[in-house]
Every structure is written in C-alpha cells, then in structure tokens.
Amino acid sequence: MAESGMQVQMDDEKALRRLIGQRIRYLAKNYVVTDILFEEDLLILSADNDMDVQEDSYGRPNRMVPHQENLCFRDTDKQPTHIWDHLIFLDGPLSNEP
C-alpha cells in the first residue's frame, strides 16, 4: 500500500470513502472507484472502456454496463491485501483534508 503513494488507514472509513470517484489503473486497465463495501471489505471498480452484458431478472440479455471488478481491500485481520500493490492512482494522491 505504501508503494501506491497513499497512506490510507484500513480502519479509517472516512479516508477510504475519499477513494470513491478516483480514477485508477488496475492490471493495465483504467477504472473508476464506484463504491466501497465496508461490511465485506470490497473495493468496487468500474471500467472506463470495457462493457459487459447485464441480464434482466429472467436471464435475458438486457443492456450494456461497465465491466466491474470487486476487490477485497483488507484481510480478516483488517490488514491491507495485495491489491494495493497493483493500483496506480491516475488522479494523484488524495489530500489529507476531511
């Protein structure tokens, strides 16, 4: 996590929420952080260019939506996972302002 240029405490939800809307590169693809699920420790990324077909409630192809990645950002001990080593923040580091 330190190599990403960001010092976010895993127990600081306010700091993690500031990630929402940030543009990042993960495994050579560009994404936007669209949500953080604290109960499941998931960081939700939506792709800039890749699209997936979303099915309706009957399983029929319905519409195109941005491809999503759901990444576990901390382990069961509340420590950062390896994903932080693969994230590049395209908008620069977050400010420390509240």
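Side chains included, hydrogens not; waters and symmetry mates left out as well; all remaining heavy atoms used. Note that the structure is a prediction, hence the values are computed from the model and not measured.
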Subject >> Linked, directly or transitively: Ile83 and Ile24 (ILVMFWY side chains, under 4.5 Å) >> reply: yes
**OP:** With rounding to the nearest 0.5 Å, note down the distance linking OH in Tyr31 to CD1 in Ile44.
**Re:** 12.0 Å
Original post:
Please walk me through it: do Met64 and Asp52 pass side chain to side chain contact (heavy atoms under 4.5 Å, CB included)?
Top reply: CA-CA 6 Å; Met64 298 298 289; Asp52 290 334; over 6 Å; no
Original post:
Shortest non-hydrogen contact from Leu37 to Phe73?
Top reply: O-CE2, 4.2 Å
Original post:
Between atom CD of Glu69 and atom CG of Leu43, what is the distance when rounded to the nearest 0.5 Å?
Top reply: 10.5 Å
Subject >> Residue pair Ile20 / Thr34: nearest heavy atoms and the distance that separates them >> reply: CG2-O, 4.0 Å
Subject >> Connected via hydrophobic side-chain network under 4.5 Å: Leu87 and Ile36 >> reply: yes
Original post:
So do the side chains of Leu45 and Val32 get within less than 4.5 Å of each other, counting heavy atoms only?
Top reply: no
Original post:
Taking the inter-plane angle between the rings of His86 and Tyr26 on a 0 to 90° scale, is it parallel (under 30°), tilted (30 to 60°) or perpendicular (over 60°)?
Top reply: perpendicular
**OP:** Heavy atoms only: give me the nearest Val53-Pro61 pair and the separation to one decimal.
**Re:** CG1-CB, 3.6 Å
Original post:
Rounded to the nearest 0.5 Å, how far apart are NE2 of His67 and CG of Asp48?
Top reply: 12.0 Å
Subject >> Exam field: side chain Asp77 to backbone Gln79, donor-acceptor pair closer than 3.5 Å >> reply: no
Subject >> Ser46 side chain reached by Gln68 side chain, heavy atoms, under 4.5 Å >> reply: yes
**OP:** Work out which heavy atom in Asp41 is nearest to a heavy atom in Asp75; give both atom names and the distance.
**Re:** OD2-O, 4.3 Å
**OP:** For residues Met51 and Val65, determine if any side-chain heavy atom of one lies less than 4.5 Å from a side-chain heavy atom of the other.
**Re:** no
Original post:
How far apart are the closest heavy atoms of Asn30 and Arg25, and which atoms are they?
Top reply: OD1-NE, 3.0 Å
Original post:
Any side-chain heavy atom of Glu55 within less than 4.5 Å of one from Asn62?
Top reply: no
**OP:** Compare all side-chain heavy atoms of Arg17 with those of Phe38 and state whether any distance is below 4.5 angstrom.
**Re:** yes
**OP:** Compare every heavy atom of Gln22 with every heavy atom of Arg18, then report the nearest pair and how far apart it is.
**Re:** O-CG, 3.7 Å
Subject >> Same cluster (ILVMFWY, side-chain, under 4.5 Å), Leu71 and Leu16 >> reply: yes
